[in-house]
Amino acid sequence: MNTCCLCAIRATSALVPGNLTRLFEAVKTQSVPKTHLYCHDDISSKVPNNTYSSYQRHIIQSAYHIAYKVDRTCDLTVHFNLTQRFIPSVFLLGESDSVIRELISEHYEPESGSILNVHFDTDDSTIPLHPMEGYPQAERDSYSGVVLGGTFDRLHAGHKILISVAALFAERTFVIGVTDDDYVRRKKSLPELIEPCEKRVERVTQFVREIRPDLNLIIRAMSDGFGPSIEEDDLQLIVVSAETTAGGRAVSEKRKQLGLSAVEVLPVSLATDPAAEKSDVLESKISSSNMRKNILGTRLRQPRLAKSPGRPYVIGLTGGIASGKSSVCRKLQSAGRSGGISVVDCDKLGHAAYLPGSDCLKELVREFGEGIMDESGVTVDRKVLGSIVFSDQQKLKLLNRIVWPYIRRAAEAEIAELSGRCEVVVLDAAVLLEAGWDDLCNDVWVCIIPPEEAAARIQVRNPSLTDEDARRRIACQMSNFERVEQANVVLCTLWSHEFTSTQIERALATI
C-alpha cells in the first residue's frame with residue numbers, strides 16, 4: 001500500500017479551503033490504486049527555528065509527496081491523529097467527521113468508483129516518521145540564501161516540487177531565475193506555445209508568496225544558463241532537477257571563478273508522467289514540454305465564426321513552407337472519406353490563375369515582363385518568377401497583390417458549391433493569414449515546424465538549394481510566432497505520423 005503524509009492539524013486554519021486547495025492542486029499527476037494521507041504535527045523536532053511554523057513547512061513537504069503519490073482515480077483515506085496530546089487541537093477545529101469529509105470533497109473529486117474515507121487514528125505508531133522517505137536531503141536543515149532557475153512555463157506539479165523544496169531550505173533569501181523570451185526561442189521545443197516571461201514570473205511569484213510569504217524573494221529574467229545564480233553574493237544552496245545536476249555544479253564553479261562563494265547542489269527527482277508510458281513523443285517526467293505537446297490539436301481560442309445552417313464549417317489550414325500542412329490535409333481527407341470533409345486547395349487555385357490566357361497571367365506579364373514566361377511564351381516559368389520575388393520583398397508583395405484576389409474569388413465559389421454537400425471544408429492555404437482569407441473561416445488551424453527542420457525539408461525536396469537559400473525563403477514568410485498568435489488550433493508534424501493523427505483527432509473533436 002502506498003503511503004504519503006499530509007498536513008498537521010494544528011488549529012482551525014488547518015482545514016480551511018485555501019490550504020486544501022494548495023495541498024490537492026497537484027493531485028492529478030499520478031495514478032496509484034490506494035493512498036493513505038496522514039495528518040499529524042509531530043515534526044517540531046525536525047524544524048529549524050525559522051519565522052514560519054511547522055505547519056507551513058509540512059504544507060511544502062506535502063506538496064512534494066502528493067505530486068508523486070496521489071491521483072483522483074485512487075481510493076483515498078485521510079487519517080487524523082487523535083492521540084491524547086493532539087485532542088485539544090482537534091477540539092479547536094469544532095468539525096465533525098461529516099463536515100471534514102465535505103470539506104475535503106470540495107477539493108478532492110474522486111472519479112466514479114473511487115472511495116473517499118476519513119479515519120481517526122488513536123495510536124501514534126500508525127504515523128510515519130520524518131523526514132519522509134524519498135525526500136531530498138541536504139547537508140543542513142536550512143540556508144540563508146537559496147537559488148533556483150528554470151523556464152516555469154505553465155507552472156505545474158514538477159515546478160511546484162522544485163520551488164517547494166527550495167523554499168523549504170531557505171531561511172532568508174530565495175532567488176529565482178526565469179528564462180527570458182529570447183532564451184526560450186533559442187533553446188526550447190515548441191517555443192511558440194511558451195507563455196511570455198512576464199506571465200511566467202507572475203505565476204512563480206504568486207506561488208512562492210502563498211507558501212513562503214516571509215522570504216526575501218528575488219526573481220529575475222535570465223538570458224543564459226546562469227542568470228542571478230552568479231550575481232547574488234549571499235547564496236549557499238542551488239536546487240536543481242536530477243537531470244540538470246551538472247548545470248548546478250557548473251554554477252558553483254562559475255561562482256568560484258567570479259570570487260563568490262561556492263554553492264551546495266541539491267538534486268530533486270522529478271515526478272513521472274504516467275501518460276508517457278503510452279506515448280512515443282512524451283518525456284518520462286512531468287514537464288512543460290509534455291504540456292505543450294498535449295496542447296497541440298486542442299482549442300486555443302473560440303471559433304471566429306459560429307456554425308451557420310446550410311454552410312459547411314470552414315477550417316482554414318495554414319503554415320509555412322515545409323511545415324507538413326499537406327500531410328495534415330491528406331489525413332483530414334482520410335478522416336472524411338464518408339464525404340464529411342472536403343478540401344479547397346488554394347495552391348491549385350493559384351496554379352489555375354497562371355493558366356495561359358488568364359486575366360491574372362496577363363497582369364503578371366505587364367508588371368514583371370516577358371522574361372517570366374517559358375520558352376513557349378505561353379506558360380509562366382514559376383522557377384524564374386520565384387527567383388525574382390523571393391529575393392525582393394517589394395516584388396513579392398506586388399505578386400501577391402495581383403494573384404491573391406483571383407484565388408480568393410475562386411475559393412469562395414468552391415465553398416459555396418460545397419454547401420449542403422459536406423459538413424466540413426478545409427481551406428488549404430499557405431498564405432491564409434497574410435492574404436486575409438481567415439475571415440472566410442470558422443477556425444484557423446496552424447501547422448508549425450522549427451525553422452531548421454523546415455530548411456532541411458526544403459533542401460530534400462530541392463537539392464539544388466543551399467541552406468542559405470532555404471532559410472531566405474522561410475524568412476520571407478510570416479513567422480510561426482505570428483501565426484500562432486492568430487490560431488484557434490496549432491498542429492506540429494515534427495514527430496511520428498501517429499502523433500500527428502492524434503493531434504488531428506483532438507482538433508476535429510473540438511468542432
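The distance from atom CD1 of Ile321 to atom CD1 of Ile458, rounded to the nearest 0.5 Å, is 4.0 Å. Of the inter-residue distances, the one linking Leu296 atom CG with Cys447 atom SG reads 10.5 Å to the nearest 0.5 angstrom. Taking CD1 of Ile218 as the start and OG1 of Thr173 as the end, the distance is 5.5 Å to the nearest 0.5 Å. Taking CD from Glu434 and CZ from Arg483, the interatomic distance works out to 5.0 Å, rounded to the nearest 0.5 Å. Between the CD1 atom in Ile219 and the CD1 atom in Ile176 there is a gap of 4.5 Å [rounded to 0.5 Å]. Considering CD of Gln477 and OG of Ser323, their distance stands at 8.5 Å, rounded to 0.5 Å.
A 6.0 Å sphere centred on CZ of Arg249 holds no more than 12 heavy atoms belonging to other residues, nucleotides or ligands. The environment of Glu198 atom CD is sparse: at most 12 non-hydrogen atoms of other residues, nucleotides or ligands sit within 6.0 angstrom.
Side-chain contact between Leu494 and Ile448 is absent, with no heavy atoms from C-beta onward closer than 4.5 Å. Counting only heavy atoms from C-beta outward, the side chains of Phe207 and Ser164 approach each other to under 4.5 Å. Side-chain contact check for Leu237 versus Val263: every heavy-atom pair is 4.5 Å or farther apart. Contact check for Phe174 versus Asn216: no side-chain heavy atoms found under the 4.5 Å cut-off. Using a 4.5 Å cut-off on side-chain heavy atoms (C-beta onward), Phe499 and Thr493 make no contact. At a threshold of 4.5 Å between non-hydrogen side-chain atoms, the residues Val489 and Leu300 do not count as touching. Side chains of Leu235 and Tyr143 form no contact here, defined as non-hydrogen atoms less than 4.5 Å apart. Under the 4.5 Å side-chain criterion, counting only non-hydrogen atoms from C-beta, Arg154 is not in contact with Arg203.
A salt bridge between Glu171 and Arg212 is absent, with no side-chain N of the basic residue lying under 4.0 Å from a carboxylate O of the acidic one. Using a 4.0 Å cut-off between a side-chain N of Lys or Arg and a carboxylate O of Asp or Glu, Glu453 and Arg457 qualify as a salt bridge. Using a 4.0 Å cut-off between charged nitrogen and carboxylate oxygen, Asp153 and Lys188 do not count as a salt-bridge pair. Taking a cutoff of 4.0 Å between a charged side-chain nitrogen and a carboxylate oxygen, Glu231 and Arg220 qualify as a salt bridge. Between Asp443 and Arg304 no salt bridge is recorded (no basic side-chain N to carboxylate O distance below 4.0 Å).
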- Message: Assess the residue pair Phe226 and Val251 against the criterion (side chain to side chain contact (heavy atoms under 4.5 Å, CB included)); give the C-alpha distance rounded to whole Å, side-chain angles, the decisive distance to 0.1 Å, and a yes or no.
- Response: CA-CA 6 Å; Phe226 295 104; Val251 166; 3.9 Å; yes

- Task: Determine, stepwise, if the pair Val328 / Asp428 fulfils side chain to side chain contact (heavy atoms under 4.5 Å, CB included).
- Result: CA-CA 10 Å; Val328 169; Asp428 180 4; over 6 Å; no

- Task: Kindly indicate, with the supporting measurements, whether the criterion side chain to side chain contact (heavy atoms under 4.5 Å, CB included) is fulfilled by Leu266 and Ile238.
- Result: CA-CA 6 Å; Leu266 179 62; Ile238 181 169; over 6 Å; no

- Between Ser144 and Gln236, is a side chain to side chain donor-acceptor pair (under 3.5 Å) present by the stated rule, with each step listed? CA-CA 7 Å; Ser144 63; Gln236 294 82 40; 2.7 Å; yes

- Task: Go through the steps to decide whether Ile341 and Gln333 satisfy the test side chain to side chain contact (heavy atoms under 4.5 Å, CB included), and finish with yes or no.
- Result: CA-CA 6 Å; Ile341 299 178; Gln333 285 180 296; 5.7 Å; no

- Task: Start with the C-alpha distance between Asp214 and Arg172, add both sets of side-chain angles, then the distance that settles salt bridge (charged side-chain N to carboxylate O under 4.0 Å, His left out), and finish with yes or no.
- Result: CA-CA 8 Å; Asp214 58 299; Arg172 183 172 62 246; over 6 Å; no

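The minimum heavy-atom distance between Asp467 and Ala455, with the atom names listed, is OD1-CB, 3.9 Å. Here the shortest heavy-atom pairing between Pro228 and Val175 reads CB-CG1, 3.7 Å. Between Ala166 and Leu148, the shortest heavy-atom contact is CB-CD2, 4.3 Å. Heavy-atom minimum distance, Ala507 versus Trp445: CB-CH2, 3.4 Å. Nearest heavy atoms, Leu433 versus Gln486: CD2-OE1, 3.7 Å. The two residues Thr245 and Pro267 come nearest to each other via the heavy atoms OG1-CB, 3.5 Å.
Residue pairs meeting the salt bridge (charged side-chain N to carboxylate O under 4.0 Å, His left out) criterion with at least one partner in residues 484-510, sequence neighbours excluded, are absent. Applying the salt bridge (charged side-chain N to carboxylate O under 4.0 Å, His left out) test to every pair with at least one member in residues 175-186, sequence neighbours left out, gives these pairs: Asp181-Arg200.
Side-chain N or O atoms of Ser334 include none that pairs as donor or acceptor with a backbone N or O of Arg330 at under 3.5 Å. In this structure, Thr500 contributes its side chain and Ser496 its backbone to a donor-acceptor pair below 3.5 Å. In terms of modelled atom types and a separation under 3.5 Å, the side chain of Thr244 and the main chain of Val240 share no donor-acceptor contact. Remark: side-chain polar atoms of Gln503 are paired, donor with acceptor, to backbone N or O of Cys492 under 3.5 angstrom.
Defined by atom type and a distance below 3.5 Å, a donor-acceptor pair is present between the side-chain atoms of Ser479 and Glu482. Glu192 and Asn480 form a side-chain donor-acceptor contact under 3.5 Å, judged by distance and modelled atom types alone. Side-chain contact, Thr179 with Thr151: a donor N or O sits under 3.5 Å from an acceptor N or O.
Just one of Gln257, Lys256, Arg255 meets the side chain to side chain donor-acceptor pair (under 3.5 Å) condition when paired with Glu253; it is Lys256.
The salt bridge (Lys or Arg N to Asp or Glu O under 4.0 Å) search around Arg140 returns none, not counting sequence neighbours.
Relative orientation of the His159 and His156 rings is parallel, given thresholds of 30° and 60° on the angle between their planes.
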